[in-house]
Every structure is written in structure tokens, then in C-alpha cells.
Protein chains: 2
Amino acid sequence: MDRFKRQILADEKRIYRTDKRRQQKLETRIRILDAALDHFSRRGFEAAAVRDIAADAGVTHAVIRLHFGTKDQLWREAVSQLFARFEQEMADPPEEPTSATPSLAQFIRRYVLYSARHPEHARIMMHESMEPSERLSWMVDTYVIPAHRRVMPALERAVQGRRLPAMSLVSLIYIISSSGQSLFMLGAEAKLIYGIDVAAPETIDQHVAAVLALLRISYGSTVGADRQSEGAIGIA
Amino acid sequence: MDRFKRQILADEKRIYRTDKRRQQKLETRIRILDAALDHFSRRGFEAAAVRDIAADAGVTHAVIRLHFGTKDQLWREAVSQLFARFEQEMADPPEEPTSATPSLAQFIRRYVLYSARHPEHARIMMHESMEPSERLSWMVDTYVIPAHRRVMPALERAVQGRRLPAMSLVSLIYIISSSGQSLFMLGAEAKLIYGIDVAAPETIDQHVAAVLALLRISYGSTVGADRQSEGAIGIA
DNA sequence: GATTTTACTATCCAAGTGGATATATAAATT
DNA sequence: AATTTATATATCCACTTGGATAGTAAAATC
């Protein structure tokens, strides 16, 4: 269980500290969401089995129905948790205790480090983004478009200010996000081809450096320097 | 049916032109492989249903068993076809009638154009590369490692010759391949977010330009200039 | 033209799926 | 301590899945 989930758990425990049932229900809920994220990201929505998720969470599959209703609703809850954590960690990254409005380089670094820490994010989006579906439309409308909207102006300024090469902004955002995610998302493949563990700190540092070298940006200009609210910026 | 499949079909027809059954069997086989590639790439191995593939191919699911045996064997046949076409089109691209040993820029361009023409390639690999499996090991050993081996020396020379920024070669190859593929692979998502059709020629041209601008390479230095055999080079 | 070969169909099967419901059990309330 | 509430379990259901097999019809062979 990571920092984010522990925080929620602690909050809830404080609120309902007299009610043991609510505590246990919440812990079960978190275990289910955790297992769901793991299965959905590795296998995709259709191939993931509710019974397998339940087994990993230490409950029977009927409990999932009780907590979340349908498999579809479970998926949406899991994706919501995922994006909530994404936005939180991009605004206030674990690796930067005191976080100010990030420079373009810092922002890219945060994004790559997040992708390395949580490869399930890219995986779950990949599985859904390859063919149209209700789930994809919902995820895009609810989370992806807002995230792109937050980061697009900064990228546009960087291109116009010649801090990034001139190119289509759509291509740019797809290149940046896929470059940052790919190595970690495809960890199983990279392990087989190169024998590397993409979760190793050296590998992660190398990849951060590689993406920054490719974009040829350093820790100079700030992203969203003109608006404080853009501190909690995100690409997805 | 694309040029590659028609070619095979024509060859086979010439050989067995007196045997109508062989012709029809081959045509059925091609229709099945075509549908299989489509389903496996969009939905992944587990979620794709043999019956659905059969329906799209205009046969019953028992025919697939007759032609290919198990679902797993069908997948392998489809992937083999995919990589055969990949290697053929990278060595002799449809957009370049007379193909010589490509420059680095030409090679990147070929790769992006191939990815745009056949987004199912990246999709099928993505679905398989997110968690270890027998299928992944087989695909990596049989096709991906050889393809990486063919292109790695050229990339290494480009980095050492300062034609590409200094970085980990593993990161570099993941960045190049994901950058080239992502926009087309995620066409469904891009359509929802930006309303664009990633198959449109303008979009494709823009993306080729974007990847080349990012790598800051032009049509100067050749890839594998010292060895003619590297003409049939590939990234996967 | 009769016989053999073979690509394909119709149908069956066991296993696994998402979902539904009745029951048990433990915690909270009175 | 008895009663109520609610979380989790055991089980059932209709449906789909990959796979298997017996039968059909058309093409090739004689």
C-alpha cells in the first residue's frame, strides 16, 4: 500500500474511529481496488476476471459486487483512484518534498518518475485506447482531456519560445507521454530483450536523462509561470 | 487485402492453379489471418474470441481449428505474418519504389509510415508486452530481438557520431519506437481528444516531421552505410 | 459416372464468466 | 443480553468460451 492510499485510510479511520465495521469495509475496498488496478492494467478489462481480482484481495467475488456493483463500475472506481493519485503526485511529487511551480524540465522529470513508479497507469490506458468503447470515452472525457488542457498551454509556449523544436502540438504531447512511459510500461518486454529491471533506480535515472536529452531542455524556464494554478499540471 | 497478401495469394494461385480447393483454402486462411490480426490487435489475445474472428472471416469457428489448431497457434501464425510484412515493407517500402540503403532519417520515416499504415503491429505487441507470458517470450525471441539487433549498431554509431544526443541505447530505442507508433496506435483516443483522424495523410506527414524534428536528424548520414546487408533493417 | 478426398458445418461439451440471492456471522444499538 | 444492521460467504444461474467430433457437400481422382 502506497503513501496515497495510507493517507486516505488514515483520514477515514480518524473520522470513523468508533466504527470498526467501516474501517474493515474501507480496508477491503482498498485491497479490492489495489488488486483491480493490477489485473486491469496487466490484462485489460475483458481479460481480467472479477474472481481473480477478489482472490488477490482475499475476498470472494460476491464482495466486489456488494462494494462496487458491476465489473464496469469497479473499473471506473479503480481508474478514478489512479487519476486522483496521478494528479496528486504530479502536483506534490514524493521525490520533491518542497514542490514549487515546476520548470519544464522538472515537469518532464516528475512525469517520467511517476510513470516508473506506477507503470499500471500507462498500461491501463493503453489497453483501453486501442479501440473505441464507452469506458474509453468516459476516461478521456473525465480525466484525459482535462489533463491535456492543463499542460497544452505550457507546451505551446515552449514551442513558440523555441525551447522545444517546432512541431504539431498533438504529435508533441503523444511523443512526450509515450517516451516517458514506454520503457516502464513495457518492463516485461525490456526484461526479456535486455535483461534489465526497469524499476531499478539507475534505469529510471537514465531514462529521465534520455527524455530530457532528447527534448534538449534543462532546468531553466518554468511551466505555467504566469498562473499559479497550473502547478498541479498533468499529462496523461 | 493489402499488396503483401495479394502477392502471396497470386503466387500460390499460380502454383496450384489447377486445384480449386487449394485456392479456396488459401483464401479462407488469409481471411482468417486478416480477421485474427484485427481482433487480437484491438482486444488482446484473451479478450479476442475465436468465434468472432471466424464470423468476420465468414466461416464457423471450427474452421479455424481445422486450419490453425488452437487459438494460440492462430495467434502465432498471425504474428508471423505481421512481422514478415514488417520486415518486407521496411526493406522495400511501398512509398519508395526504388529503395537503397536508407539514411537514418529515411529509416525513421519508413518506420513512422509503417506504423501509420499498420497500427495493429504496435497494438498487438502492446497487448502482449504488459505482463510476462509464453506468447511474449516467443515473439520477443523470434522477432523482436533480431529486429533490435539489426538496428542497434546503427543507432550506436549515430550516438557516437553525435548525430543523436548521448543517452542510454535502451532508452533511445524505446523512445524512438514509442514516439513513432503512439499516435497511430492510440488513434481511438486521439480521435476523442482532438477529433483528428490519425490515418489522414496530413497527420501522418506532420508526425513524421515531428519525430525527425525531435531527433534533430536530416537526410544526411546513412544507416548501416558500411554493410549492405543492413538495408533490411528493423525496429520492433 | 462412381469413388475418394477434403474443406466446411452443425452440434456437443466442460470450464469459466459476470451477475444474483439466500444465508451466516460479527459488530453496533437498544 | 437481546435485537438490529451490515459485511462477507456459499451457491445458483444463464451465457460465452475454447475445444472436440460426427456429418455434409463439393471438388478431385479413378
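Sequence lines set the chain letters: A, B, ... in the order given, protein chains first and strands last, and positions in each chain run from 1. Side-chain atoms are counted along with the backbone in the values below, which use heavy atoms only and exclude waters and symmetry mates. Please read all numbers here as calculations on a predicted model, not as lab measurements.
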Inset, instruction - Could you verify whether a donor N or O on one side chain and an acceptor N or O on the other, from Y111(A) and S177(A), lie under 3.5 Å apart? - result: no
Legend entry - H127(A): ring pair (Phe, Tyr, Trp, His ring centres under 6.0 Å) partners, not counting sequence neighbours: H127(B)
Inset, instruction - Run the salt-bridge test on R117(A) and E89(A) with the 4.0 Å N-O cut-off and return the result as yes or no. - result: yes
Legend entry - Ion pair check, R29(B) and E77(B), cut-off under 4.0 Å: yes
Send over the distance from [X] [atom1] to [N] [atom2], rounded to a whole Å.
X: E27(B); N: dA7(C); atom1: CD; atom2: C1'; answer: 13 Å
X: R43(B); N: dT17(D); atom1: CZ; atom2: P; answer: 9 Å
X: R65(A); N: dA10(D); atom1: CZ; atom2: P; answer: 18 Å
X: R22(B); N: dA26(D); atom1: CZ; atom2: C1'; answer: 17 Å
X: Q23(B); N: dA7(C); atom1: CD; atom2: C1'; answer: 14 Å
X: I32(B); N: dT9(C); atom1: CD1; atom2: C1'; answer: 13 Å
X: H67(A); N: dT9(D); atom1: NE2; atom2: P; answer: 9 Å
X: F68(A); N: dA8(D); atom1: CZ; atom2: P; answer: 11 Å

Inset, instruction - State yes or no: are the ring centers of W75(A) and F68(A) separated by less than 6.0 Å? - result: no
Inset, instruction - On DNA chain D, check which nucleotide each of G69(B) and Q24(B) is closest to and give me the residue with the more 5' one. - result: G69(B)
Could you write out each protein N or O paired with an N or O of nucleotides 16-18 of chain C at a distance under 3.5 Å?
unit_1, atom_1, unit_2, atom_2, d
dG18(C), OP1, A48(A), O, 3.3
dG18(C), OP1, V50(A), N, 3.3
dG18(C), OP1, K71(A), NZ, 3.0
dG18(C), OP2, V50(A), N, 3.1
dG18(C), N7, R51(A), NH1, 2.7
dG18(C), O6, R51(A), NH2, 3.2

Inset, instruction - Output all residues satisfying side chain to side chain contact (heavy atoms under 4.5 Å, CB included) with V170(B), sequence neighbours left out; order by chain, then residue number. - result: L183(A), Y194(A), I196(A), S168(B), Y174(B)
Legend entry - Side-chain N or O of T60(A) closer than 4.0 Å to phosphate OP1/OP2 of dA8(D): no
Inset, instruction - Report yes if a side-chain nitrogen or oxygen of T28(A) is closer than 4.0 Å to either non-bridging phosphate oxygen (OP1 or OP2) of dT7(D); otherwise report no. - result: no
Legend entry - Evaluation steps, side chain to side chain contact (heavy atoms under 4.5 Å, CB included), between R110(A) and Y114(A): CA-CA 6 Å; R110(A) 282 187 189 181; Y114(A) 170 84; over 6 Å; no
Inset, instruction - Counting heavy atoms from C-beta on, name the nucleotide in dT9(C), dT21(C), dA7(C) closest to the side chain of L66(B). - result: dA7(C)
